[in-house]
*Asks:* 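So that we are looking at the same thing, I have put the structure below in C-alpha cells.
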Amino acid sequence: MSTEKNNAPVVIDVRNVKKKFRIYKDRGNTLKERLLFAARRKHEDHQVLKGISFQVRKGEAVGLIGENGCGKSTTLKLLTKILYPDAGTIRMTGRVSSLIELGAGFHPDLSGLENIYTNASIFGLSRKEIDERLEEIIAFSELEEFIDNPVRTYSSGMYMRLAFAVAINVDADILLIDEILAVGDAAFQAKCFRKLQEIKGKGTTIVIVSHAMSQIENICDRSIWIEDGVIRLEGLPRDVHPVYMEQMSKKNLHGQDEQKDKLVVEKDEEGKLKRWGSGEAKMTDVSVIDAEGKKRYEYSPWEPFTVHIDYEAQKELKDVVIGLAIYRNDGTMVYGTNTLIDTAKPVDLKEKGSIDLKVENLPVSNGTYVVDLALHKPDGFNYDFWRNICRLEIAGKVQTPGEIALSHSWSIR
Amino acid sequence: MLKTLKEIWEYRTMIQSLVHKDLRGRYQASVLGFLWTFIVPLCQLLVYTVVFSIILRSTVEKFYLYLFVALIPWNFFASCLTGGSSCIIQQQSLVNKIYFPREVIPVAYVTSSFVNMLYCEIVVFAVALFSGVQFNLLGLLCLPLVMAVEYILALGITMIMCSVDVYFRDLEHILGIISMAWMFMTPIMYDLSIVPERLLPIFKLNPMTGIVTAYRDILYAGSIPEMGNLAISFGMGLFFLILGFLVFGKLKRRFSEVM
C-alpha cells in the first residue's frame, strides 16, 4: 500500500459489528398460524458476525474472502444498509453504490432507455445526472441499436450488460461489489474489469466479495479473510491468500488423517507461510539456468532463461497443474501462468522427473523479482506450493522509468 | 428524521420513475390503455346514476353527483389503506437487494394513487360543469388545500400499515374489512345532517369526514368548504404522518430479514 493511501481519510469505519439472524424452522406469517402453531415457531439464533472491525481509506480496494456462510456477504449487506447491525457501528462517508443486484427494478415491457432511467434512479441519481451519463452508459453497454426495444426482448447477456453499464456509471465514492464479474462474455468481463481499474484509479473506494482470488489480487490492495464471523487475517492479498488456500486444502483433506500428517508446512523468518501442500508431489530442487546451462540469477531484461524443477511424487500422478508466478519485491504481480492456461489440459507426473520452463525474456524494469512455483490439482488443491522459491535480479544497462521494459528502437529522419 | 427527509428528496427521481412506471404499467397491455383512467370512473358514475335516480330514488338533488364527488376521493384513500398496506411486500425484491430510503416506496405508492385521483377529478369537474354547478372561485382555490390534507393523511396511514404488514400479513385482510366499515362511517352516501346526535362525536373524530365534506362543499354545493372540520382532519393527518414516519423508521431496519 502506498503511503498516500495511508494518509487518506477513512471512509468506511466498521467497529465491533455483530449480527445475528433468527432462523425459523416453520415461521407463521399470519395470525392464525401464529396462534395455532405457537409451539412450532421455534427459532434458532445464528450469530453470523461476532464482532468485526475494520477501516477502509479513500481510494483503497479491499477484498473480503472466506468460505460460504462465513459472513462476508452479510458484511457487505450491512455496508449497503440493507441490513442493520445488532451491535457496533458502521460509518460510511460519501455516495455508496452497490453492484450486488444488477438490473434492480427493470421492467420487461419498458424500453432499454426507460429502464436506464428507472434503474439509475434507484441508485439515487437525479434526472439531470442520468442525462449526463446516458451516452456513456449506452456506449458501455454496446446496445445502441437495441436501446429502444423492450427489455424483455433482450438476451440475458444483453440484460446484464445494460445493468452493469448503469451500475458502474453511477460515479459513487464507495463501490460495493458481490461476485459480479461473471457478467456476459469474456470480452465484456475484461471490459468491466478495466472499467473497475479505471474507477479505482480515480480514487473510488472499492469493497469486493469474491471467491475468485485472482480477481482480488488484480484489483485489491488488501484482503480481509472472514472466518466464522470474525476476521481471521488481514493484509496484502499476496500474504493472506496463501494462508487461506492452505486452510481450504486442509479442510478438503478433512478425515484423511494419514495425508494430513504429510502436509508440508514451512514458514519464513517473518512467520509467513513459505511452503505448503499435501506432499504427494514435491519439488526437490529448483534452479534458474542461463542459455549456456549455468545457474545464474541475474539477467538483463532481454536474456532468455530456463526454470528447472526436479520433482518426486509418492506415486504417478495424473491431472497435475504446474504454475508459476513472478512478483516484484513490493508484492505486485508481474506475470503468472500455468500449464492449464497454456495447454488447456493438465499434465501427468512420474514418480521422479524434472520440468523445464523456458522463458524468452523478462522485459521488466530493473529490480528484484521473486518467483512462486506450485504443483496443484485443477481445482486448486495444492501438492506443493512454494513461495519466494528464488530471486531474480533484473539489471538492464540503464534504469528506465515505468514498470516494464520495451524492446524498441528510434529512427529519426 | 430531517436526515431521512433530505434523503427522500435526493431520491425524488426514483419516486418519479416508480410513479411513472406504475401509471404506465397499469394499463400497459390493454387496447384502450390510458383511456381506462377515465372510462372506469365514468362507468361507475353511470351505474350510480341508474341505481339512485331510477331504482333507489334519493331525496337529495343530483344524487349521482353528490355521491360521485365524495366517492372519488374516498377511492383514493381506500386504495392507500388496502393496496398501500402491501406496497413494501410487493417490492421485496428491491428491498432485499439494494439500498435506497425505504420511505420512497410508500411515498411513490400514495403519489401514484393520488395522481390517478387527479385524473378522475377531471371527470368529476366535467360532470359537475355539465350538471350546472356554479363554482365558487375561492372555494376552488381551496381544493388543492383539501387534496393536500388528504394526501398527508393517506401517506401517514399507508406508512404505518405497510411497515406493520411486513411483520403481520393478516393486516391486509383486516384492512379490507376496516376499509368497508370506514366507508359507511364516513358521510359519502348520506349527509352528516341525518347522523344521530349521539354518534356525531365519532364522525367528528373521523378525519375523512372533514375531507369528504370539503370536497362536496366545493364541487357539489359550489361553496367555500367548512374549515373547522378540515382543520381537525389536517391535525389528525399530521399526527398520522409523524407517527407513520416514526413507526416506519423503527420497523424498516428489519424489513429484509423478515421478508
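Residue numbers begin at 1 in each chain, while the letters A, B, ... track the order of the sequences. It should be emphasised that the depicted structure is a prediction, and the values quoted were computed from it without experimental measurement.
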*Asks:* Please state whether the side chain, the backbone, both or neither of Lys128(A) comes within less than 4.5 Å of a heavy atom of chain B.
*Replies:*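 Neither part; nothing is under 4.5 Å.
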*Asks:* Has Glu135(A) got more than 12 heavy atoms of other residues, nucleotides or ligands less than 6.0 Å from its CD?
*Replies:*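 For Glu135(A), atom CD is not crowded (no more than 12 foreign heavy atoms under 6.0 Å).
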*Asks:* Nearest 0.5 Å please: distance from the CE atom of Met14(B) over to the CG atom of Leu125(A).
*Replies:*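 Answer for the CE-CG pair, Met14(B) versus Leu125(A), is 11.5 Å.
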*Asks:* Roughly how far, to the nearest 0.5 Å, is the CG atom of Leu83(A) from the CZ atom of Phe255(B)?
*Replies:*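 Between Phe255(B) CZ and Leu83(A) CG, I get 13.0 Å after rounding to 0.5 Å.
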*Asks:* Rounded to the nearest 0.5 Å, what separates atom NZ in Lys97(B) from atom OG1 in Thr80(A)?
*Replies:*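 Here the interatomic distance stands at 12.0 Å.
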*Asks:* How close do Thr13(B) and Ile130(A) get, heavy atom to heavy atom, and via which atoms?
*Replies:*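 Looking at all heavy atoms of both residues, the closest pair is CG2-CD1, 4.2 Å.
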*Asks:* If I compare all heavy atoms of Phe123(A) with all of Ile98(B), which pair ends up nearest, and what's the gap?
*Replies:*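 That would be CE2-CD1, 3.8 Å.
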*Asks:* If you count every heavy atom of other residues, nucleotides or ligands that lies below 6.0 Å from Lys204(B) atom NZ, does the total exceed 12?
*Replies:*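 For Lys204(B), atom NZ is not crowded (no more than 12 foreign heavy atoms under 6.0 Å).
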*Asks:* Tell me the residues of residues 3-11 of chain B whose non-hydrogen atoms fall below 4.5 Å from those of chain A, in number order.
*Replies:*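 Contacts with chain A: Glu7(B), Glu10(B), Tyr11(B).
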*Asks:* With a 4.5 angstrom heavy-atom cut-off, is it the side chain or the backbone of Val95(B) that approaches chain A, or both, or neither?
*Replies:*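 Looking at Val95(B), just its backbone touches chain A.
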*Asks:* For Glu129(A), which atoms come within 4.5 Å of any heavy atom of chain B: side chain, backbone, both, or neither?
*Replies:*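 Neither part.
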*Asks:* Got a sec: does the OH of Tyr119(B) have more than 12 other heavy atoms crowding it under 6.0 Å?
*Replies:*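 For Tyr119(B), atom OH is not crowded (no more than 12 foreign heavy atoms under 6.0 Å).
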*Asks:* Taking all atoms of both residues into account, what is the closest heavy-atom pair of Lys20(A) and Glu257(B), and its distance?
*Replies:*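 Closest approach of Lys20(A) to Glu257(B), heavy atoms only: O-OE1, 4.2 Å.
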*Asks:* Mark yes or no for whether Ser256(B), through its side chain, and Ile82(A), through its backbone, hold a donor-acceptor pair below 3.5 Å.
*Replies:*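 Yes, Ser256(B) side chain to Ile82(A) backbone: donor-acceptor pair under 3.5 Å.
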*Asks:* Which donor-acceptor pairs under 3.5 Å do side chains of residues 158-165 of chain B form with protein atoms, sequence neighbours excluded?
*Replies:*
unit_1    : atom_1 : unit_2    : atom_2 : d
Thr158(B) : OG1    : Ala154(B) : O      : 2.6
Ser163(B) : OG     : Met159(B) : O      : 2.8
Ser163(B) : OG     : Ile160(B) : O      : 3.0

*Asks:* Hey, is CZ on Arg95(A) packed in by over 12 heavy atoms from elsewhere, all under 6.0 Å?
*Replies:*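 Count over threshold, so yes.
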*Asks:* Can we say Asp86(A) and Arg254(B) salt-bridge, meaning some charged N sits less than 4.0 Å from an Asp/Glu carboxylate O?
*Replies:*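 The answer is yes: the pair qualifies as a salt bridge.
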*Asks:* With a 4.5 angstrom heavy-atom cut-off, which part of His20(B) approaches chain A: side chain, backbone, both or neither?
*Replies:*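 For His20(B), side-chain heavy atoms alone lie under 4.5 Å from chain A.
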*Asks:* Might you confirm whether atom OH of Tyr99(B) has over 12 heavy atoms from other residues, nucleotides or ligands at distances under 6.0 Å?
*Replies:*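 Result for OH/Tyr99(B): enclosed.
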